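Structure in structure tokens, see below.
Heavy-atom basis, side chains included; hydrogens, waters and symmetry copies ignored. Values in this document were obtained by computation on a predicted structure and should not be read as measured data.
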2 protein chains.
Amino acid sequence: MSSKRLDVHNSTIPQVCVACEARHRGVCGTLNPSQLVKLSKTTSKHIFAADEELIPAGGEIRHYSNILSGVVKLTRLMADGRQQIVGLQFAPDFLGRPFRSSSDISAEAATEVQVCSFPRATLEELVRESPELEHMLHQQALKELDEAREWILTLGRKTAAEKVASFLYLIASHIDPERSIDVGPIQFELPLKRADIADFLGLTIETVSRQITKLRKSGIIELEGTRIVTVPSMTVLQRASAADII
Amino acid sequence: MSSKRLDVHNSTIPQVCVACEARHRGVCGTLNPSQLVKLSKTTSKHIFAADEELIPAGGEIRHYSNILSGVVKLTRLMADGRQQIVGLQFAPDFLGRPFRSSSDISAEAATEVQVCSFPRATLEELVRESPELEHMLHQQALKELDEAREWILTLGRKTAAEKVASFLYLIASHIDPERSIDVGPIQFELPLKRADIADFLGLTIETVSRQITKLRKSGIIELEGTRIVTVPSMTVLQRASAADII
DNA sequence: CGTAAACTTGAGAAGGGTCAATTTGCGTGG
DNA sequence: CCACGCAAATTGACCCTTCTCAAGTTTACG
């Protein structure tokens, strides 16, 4: 094993972690400098192009990751080819199913995605010595559970128009989570293509397209090309999404 | 504070916990006898009739519970009255959203339900002193997340017939989790009425009823009255549910 | 600037919803 | 124990939203 400069003062934050968002808002936020050093020794950064597979379904889980940038879709595939996106993850989310050797869900890049990966064993070791890390992972699991249940309501009870509006509202909300609702228009690039949106909403591409056209014609959104969306009023979009919180 | 017999030997398991399933398969399984004693001092058992509300949506969370018997439905209600069941919980599941003072989800009894409740503060205190307890809660959150995502696939991509079959398969699987698939017929009582099944599957009562009739006429299930179901072959039912795991 | 992928639009079909009328099941009280 | 009455469930007829299939059109990219 080669000694590294960082070993000398292991209260120093590793170079690779210095500018990393996961250290602030992600799971690494609970680690002390020496734990960060331990983790950073086994990490490696990867970049995936859109539609590349980060984690295959059914395969053995060998490593976990933090999303540094981009959007990841979690998908379930049926035997006959039907597909459903069961979750979307954004930076600096933790990626991977803890405490299980495999999962039926695959993770695919929706946009170009940058991740910081580390072996399964490293995470499990850190969890054992740091209850705060498990707490952070627990918190993220609960957040994802809240989001999944929100989405169950959307899939089960909303119309196609409401579903598409809900999706746009979801994406817009992720652009700037700090932003309070309706301080002027908001513009963003859709991280998903129509086919992905359809797989997320349990609709067909055609229905998604028609509903987006409707939203455009009614002035609730504006489009530049097919991906750049402007929402003049988030309140109006929220109303179109049939948000149940009044 | 009154002294109790159990304080003398706090390695003794409290009377109320002795026959409790939550001590074996539930979250209490991680607690040592003295922690059980501490918890049991603040617990109280409650029985709710079917359709009674255990936890109201939006209200402040004052206590958590373990389900001792019965089935609990977690529901989301929209402003216009549309309703969706976003989760079902069985004994000995933990009930309540940890680390949050409120939730938009209400918990209602589907059947008669018996719970063991304790104040929020007690749980939080125990979590602070016992990482194993948090690990157990984390595991349950991950299990619920897996189930929620499974259900997202069902809601988003399955037909009405497949949805109803999936629901029946889900319930049948919960009757005896240890049972291996297809060792003869299995009989059980449906914990949900048609309206609840509809709210769980994102369908109407009428569609659920029609699909149940279809399953009955095709011999995949048999009915006694409206609630008692016999499944001659779980494999056949599983196939009807379009289980994607081949 | 050409090509393929992504997206939109249209027409017709179908699955599931809506409304309405029965029928069944079941607890309660006579 | 039976009859009543109500809630739950079933069934039918019709309608509407979404899907399917089939062109077109636009966009992105080499």
Overall bend - the helix from C:dC1-D:dG30 to C:dG30-D:dC1, comparing terminal axes fitted on five pairs, nearest 10 degrees = 50°
Worked verdict on A:H46 versus A:S44 for side-chain hydrogen bond (donor to acceptor under 3.5 Å, both in side chains) = CA-CA 7 Å; A:H46 295 279; A:S44 56; 3.1 Å; yes
Does B:D93 pair with B:K143 as a salt bridge, N-O distance under 4.0 Å?
-> yes
Take A:S40 and A:T43 through the test side-chain hydrogen bond (donor to acceptor under 3.5 Å, both in side chains) and record every step on the way to the result.
-> CA-CA 5 Å; A:S40 69; A:T43 60; 5.5 Å; no
Would a 4.5 Å heavy-atom cut-off, applied to side chains only, mark A:L95 and A:I55 as touching?
-> yes
CD of B:Q84 to CD1 of A:I152: how many Å apart, nearest 0.5 Å?
-> 7.0 Å
Do the non-hydrogen side-chain atoms of B:Y64 and B:R120 ever get within less than 4.5 Å of each other?
-> yes
Report the C-alpha separation of B:T230 and B:Q187 in whole Å, then their side-chain angles, then the decisive distance to 0.1 Å, and conclude whether the side-chain hydrogen bond (donor to acceptor under 3.5 Å, both in side chains) test is met.
-> CA-CA 4 Å; B:T230 305; B:Q187 189 178 65; 3.0 Å; yes
Test item: A:S69 and A:V113 side chains (from C-beta on) under 4.5 Å apart, heavy atoms = no
Tell me which of A:E224 and A:T204 sits closer to the 5' end of DNA chain D, going by the nucleotide each one is nearest to.
-> A:T204
Would you give a per-nucleotide map of nucleotides 6-13 of chain D, 5' to 3', where B means the base has a protein non-hydrogen atom under 4.0 Å away, S means only the sugar-phosphate does, and - means neither?
-> --SSBBBB
Can B:D51 and B:K73 be counted as an ion pair, charged N to O under 4.0 angstrom?
-> yes
Mind checking whether A:I221 and A:I212 have side chains closer than 4.5 Å, heavy atoms only?
-> yes
DNA chain C: first to last nucleotide in contact with chain A (atom under 4.0 angstrom from a heavy atom), 5' to 3', is C:dA6 to C:dA11
